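Note that the structure is a prediction, hence the values are computed from the model and not measured. Quick note on labels: first sequence line is chain A, next is B, and so on, each numbered from 1.
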There are 4 protein chains.
Amino acid sequence: MAGSGSDVPARSRWSAREAELLAITLQLLQQHGYDRLTVEAVATQAKASKATVYRRWPSKADLVLAAFIEGTRLTVVPPNTGSLRGDLLALGTQVCRQACEHGSTMRAVLNEMSHNPGLKEALQNEFVHQRRLVIDQVLADAVARGEADPAKFNDEIYDLLPGYLVFRSLLSAREPTDETVRILVDEVLLPILR
Amino acid sequence: MAGSGSDVPARSRWSAREAELLAITLQLLQQHGYDRLTVEAVATQAKASKATVYRRWPSKADLVLAAFIEGTRLTVVPPNTGSLRGDLLALGTQVCRQACEHGSTMRAVLNEMSHNPGLKEALQNEFVHQRRLVIDQVLADAVARGEADPAKFNDEIYDLLPGYLVFRSLLSAREPTDETVRILVDEVLLPILR
Amino acid sequence: MAGSGSDVPARSRWSAREAELLAITLQLLQQHGYDRLTVEAVATQAKASKATVYRRWPSKADLVLAAFIEGTRLTVVPPNTGSLRGDLLALGTQVCRQACEHGSTMRAVLNEMSHNPGLKEALQNEFVHQRRLVIDQVLADAVARGEADPAKFNDEIYDLLPGYLVFRSLLSAREPTDETVRILVDEVLLPILR
Amino acid sequence: MAGSGSDVPARSRWSAREAELLAITLQLLQQHGYDRLTVEAVATQAKASKATVYRRWPSKADLVLAAFIEGTRLTVVPPNTGSLRGDLLALGTQVCRQACEHGSTMRAVLNEMSHNPGLKEALQNEFVHQRRLVIDQVLADAVARGEADPAKFNDEIYDLLPGYLVFRSLLSAREPTDETVRILVDEVLLPILR
DNA sequence: TCATAAGCGAGACGGTACGTCGTGTCTTACG
DNA sequence: CGTAAGACACGACGTACCGTCTCGCTTATGA
């Protein structure tokens with residue numbers, strides 16, 4: 001059955017102390033952005049020393065990536081509202097909230113990713129893949145309910161909904177609204193999927 | 001009237017020397033990324049001194065933004081292929097190429113933008129607005145040819161095509177292909193617009 | 001012979017404009033010291049341009065030296081009070097006043113001199129030599145009046161009076177007073193010279 | 001009391017690393033002069049970084065002053081030859097050597113001092129005062145031996161010997177010789193003090 | 001009377017040093 | 001032994017000044 005959910009949401013592998021460091025990193029990141037975030041500040045605020053940070057993450061970039069993944073990992077929840085439309089709206093709303101909340105972090109990670117293949121791969125594995133699973137499940141549920149035609153699925157643009165919303169959140173000055181999500185779902189996605 | 005094209009593509013306001021500095025900045029940016037780009041290197045390669053750079057742009061971030069805008073400004077061309085489908089495919093292809101070419105630059109600018117309202121506004125005015133004009137013209141031409149129904153236009157998601165493609169280029173690991181563009185146009189946009 | 005005075009005090013070779021530049025230089029020099037004096041400031045204050053300054057003096061050091069020499073040249077006056085004691089007191093007082101007035105300038109010139117043989121030579125020719133002539137004349141006058149014994153003259157320490165006073169003005173924190181001069185003259189020099 | 005010598009020569013307050021930095025500074029200072037000395041060069045030669053230098057001394061001027069004081073502090077030695085004449089000759093010789101050796105440094109420090117009251121005070125406390133103590137002791141010893149008459153001491157010109165010699169070393173082009181010292185002592189000072 | 005040149009203001013420029021700050025490594029001392 | 005504290009080498013940032021240079025504009029003379 002779809003969504004048998006054999007993937008337990010991967011309990012965090014960080015200790016309490018590490019989680020605290022990541023939380024502080026995330027907070028400072030949102031406040032000041034990547035460039036103006038200093039490892040020194042993270043350590044100071046955690047009453048730790050820089051060495052304590054660097055012992056766990058080999059560089060500022062790794063620290064920030066870990067903080068970002070940890071910060072977003074918690075919120076990946078398959079919607080399961082009972083209808084395809086409801087699921088898509090929920091998914092879109094969730095993406096908007098996340099992208100808004102972690103906007104500067106994502107931009108920072110994104111930028112660093114450009115020239116750090118390791119980060120890129122890590123981001124793909126730990127972030128993108130999780131989200132793909134959610135979408136697959138929503139669609140599978142819809143098919144199971146007879147709300148969507150599997151023949152209409154298109155792997156090329158399976159992430160059109162979250163993709164465009166993320167674009168709107170991170171790159172455009174027009175933050176997506178509930179109306180944006182509604183229109184996307186009702187006028188673009190549902191006509192295609194049915 | 002549609003396609004009247006009274007907007008000359010906004011002649012650059014930079015002198016030859018400044019354009020040279022921006023070009024070098026852009027090149028080094030693509031090679032090394034924002035963090036590993038040094039103003040000193042830009043100056044050296046231009047046989048200039050740091051002061052010459054800083055006289056024009058007050059910081060590294062401003063320099064990079066200017067280089068980015070200059071680098072992309074040159075390539076904004078309304079397609080005008082004669083059909084809506086052709087225009088949309090051309091537009092999509094152009095977006096893909098630009099986003100691919102200037103990917104790391106865009107990511108860098110994006111990141112810096114997060115905490116620099118001046119940059120954000122500048123980017124909106126000089127970059128986003130230019131692209132909106134192109135889209136408006138494409139749609140207006142289509143209406144003039146009877147290929148699109150103005151009632152179907154939706155301001156909320158008018159940039160769905162470039163938006164999703166940019167998302168794919170900059171954030172996803174799946175760079176968009178010609179097939180991506182084709183599917184978007186044929187299976188998403190055209191059904192909606194007609 | 002005493003007072004033969006064939007040396008006219010060497011009319012300044014500077015034009016009015018040049019003298020103005022030197023005066024401004026001297027003033028700024030006394031206010032801010034050598035390091036914090038900028039050629040730019042001299043030019044600005046004279047409503048001139050840097051090129052105008054550099055056309056006349058090849059470097060900041062030369063400019064400052066010229067300003068210093070011009071500033072002190074005006075005040076070299078053989079005392080001629082009628083008695084050796086009066087002449088020495090007058091000489092001492094004059095030295096004190098000059099050294100006090102142009103203290104920071106002298107220190108600056110001195111410093112630059114260290115590593116600029118040209119300046120060193122120029123300073124010797126144009127400054128030290130002038131002062132030697134004055135002392136020689138005072139002593140010659142005293143001999144002519146029978147107040148001093150030529151046999152007691154000592155070339156090694158002929159400048160003991162101005163030398164010690166200059167030391168006090170420039171290097172020590174104890175600026176010389178009239179009493180300092182009096183003691184030097186009455187208790188050191190006169191006993192020796194008679 | 002004469003020779004009570006309770007003043008231990010004030011152990012340096014610098015660590016080994018700091019002393020090394022100061023020694024390098026002093027060496028480069030003597031080679032190149034103040035203006036042409038760069039903090040970068042000091043750091044490089046010490047295999048240190050600029051930050052390491054600036055952590056200790058807030059500016060180049062402070063660094064140079066410290067180097068100068070450290071460089072001269074080591075050599076302040078009361079002569080104690082057994083006779084007033086011997087002590088004075090030794091003192092004069094020592095002053096000549098120091099002033100010659102550290103000439104450009106002294107000139108540089110002097111210049112900087114002009115507009116830096118903090119430096120001026122520091123120089124007075126740490127440098128001038130040390131030298132005063134030596135002179136006082138020499139004279140006290142002479143009195144104890146019956147070689148000098150305390151009534152003849154004159155606070156106004158107590159430093160006539162070192163003062164004039166320093167003047168000759170730093171400001172005049174006529175560096176003092178042993179003969180200069182001898183004449184000063186035999187023909188000027190001893191007649192006065194006895 | 002007008003043109004051709006010489007001098008000047010303004011200020012951009014290449015270069016170089018300054019003093020600051022952040023990263024990532026390392027040592028020291030404490031618990 | 002792990003940690004807090006923080007010194008350290010490295011290197012980029014952004015600023016300031018020096019001495020050179022190029023622009024126009026003025027002025028002062030010579031045809």
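Distance from the side chain of D/Arg17 is smallest to F/dC8 among E/dG14, E/dG9, F/dC8. Side chain of C/Ala51, nearest nucleotide from F/dC21, F/dC18, F/dA12: F/dC21. Across E/dC13, E/dG22, E/dC26, the shortest atom-to-atom separation from the side chain of B/Arg55 is found for E/dC13. Which of E/dC18, F/dA16, F/dC18 sits closest to the side chain of C/Val39 comes down to F/dC18. For C/Ser49, taking side-chain heavy atoms from C-beta onward, the closest of the listed nucleotides F/dT3, E/dC13, E/dG9 is E/dG9.
D/Lys60 places its NZ atom 8 Å from the P atom of E/dG19, with the value rounded to the nearest Å. A straight line from CG of D/Asp62 to C1' of E/dC18 spans 14 Å, rounded to a whole angstrom. Rounding to whole angstrom units, CZ of residue C/Arg36 and C1' of E/dA17 are separated by 16 Å. If you measure from atom CD of A/Gln45 to atom P of F/dA5, you get 14 Å, rounded to the nearest angstrom. Whole-Å rounding puts the A/Glu40 CD to E/dC21 C1' distance at 11 Å. Separating the CH2 atom of C/Trp57 from the P atom of F/dT20 is a distance of 15 Å, rounded to the nearest angstrom. B/Asp35 has its CG atom 15 Å from the C1' atom of E/dG24, to the nearest Å. If you measure from atom CG of A/Leu37 to atom C1' of E/dT23, you get 12 Å, rounded to the nearest angstrom.
With contacts defined as side-chain heavy-atom distances shorter than 4.5 Å, the pair D/Trp14/D/Arg56 does not qualify. Between A/Arg107 and B/Arg107 there is no side-chain heavy-atom pair separated by less than 4.5 Å. Within the 4.5 Å cutoff, the side chain of A/Leu22 has heavy atoms near those of the A/Trp57 side chain. Using a 4.5 Å heavy-atom threshold, the side chains of A/Asp35 and B/Asn111 count as touching.
Between A/Thr52 and F/dG2 there is no side-chain N or O to OP1 or OP2 distance below 4.0 Å. Between B/Arg56 and F/dG14 there is no side-chain polar atom (N or O) within less than 4.0 angstrom of OP1 or OP2.
Residue D/Leu29 forms a side chain to side chain contact (heavy atoms under 4.5 Å, CB included) with just one option from D/Leu37, D/Val109, D/Ile24, and that option is D/Leu37.
Each of B/Ala46 and A/Thr38 has a nearest nucleotide on DNA chain E; the 5'-most of these lies closest to B/Ala46. Residues D/Lys47 and B/Pro58 both approach DNA chain F. Their nearest nucleotides, taken by heavy-atom distance, put D/Lys47 toward the 5′ side.
Note on C/Lys50: a base of the nucleic acid sits closer than 4.0 angstrom, heavy atoms only. No contact: B/Ala43 has no heavy atom under 4.0 Å from any strand. Note on C/Leu63: nothing from the nucleic acid sits closer than 4.0 angstrom, heavy atoms only.
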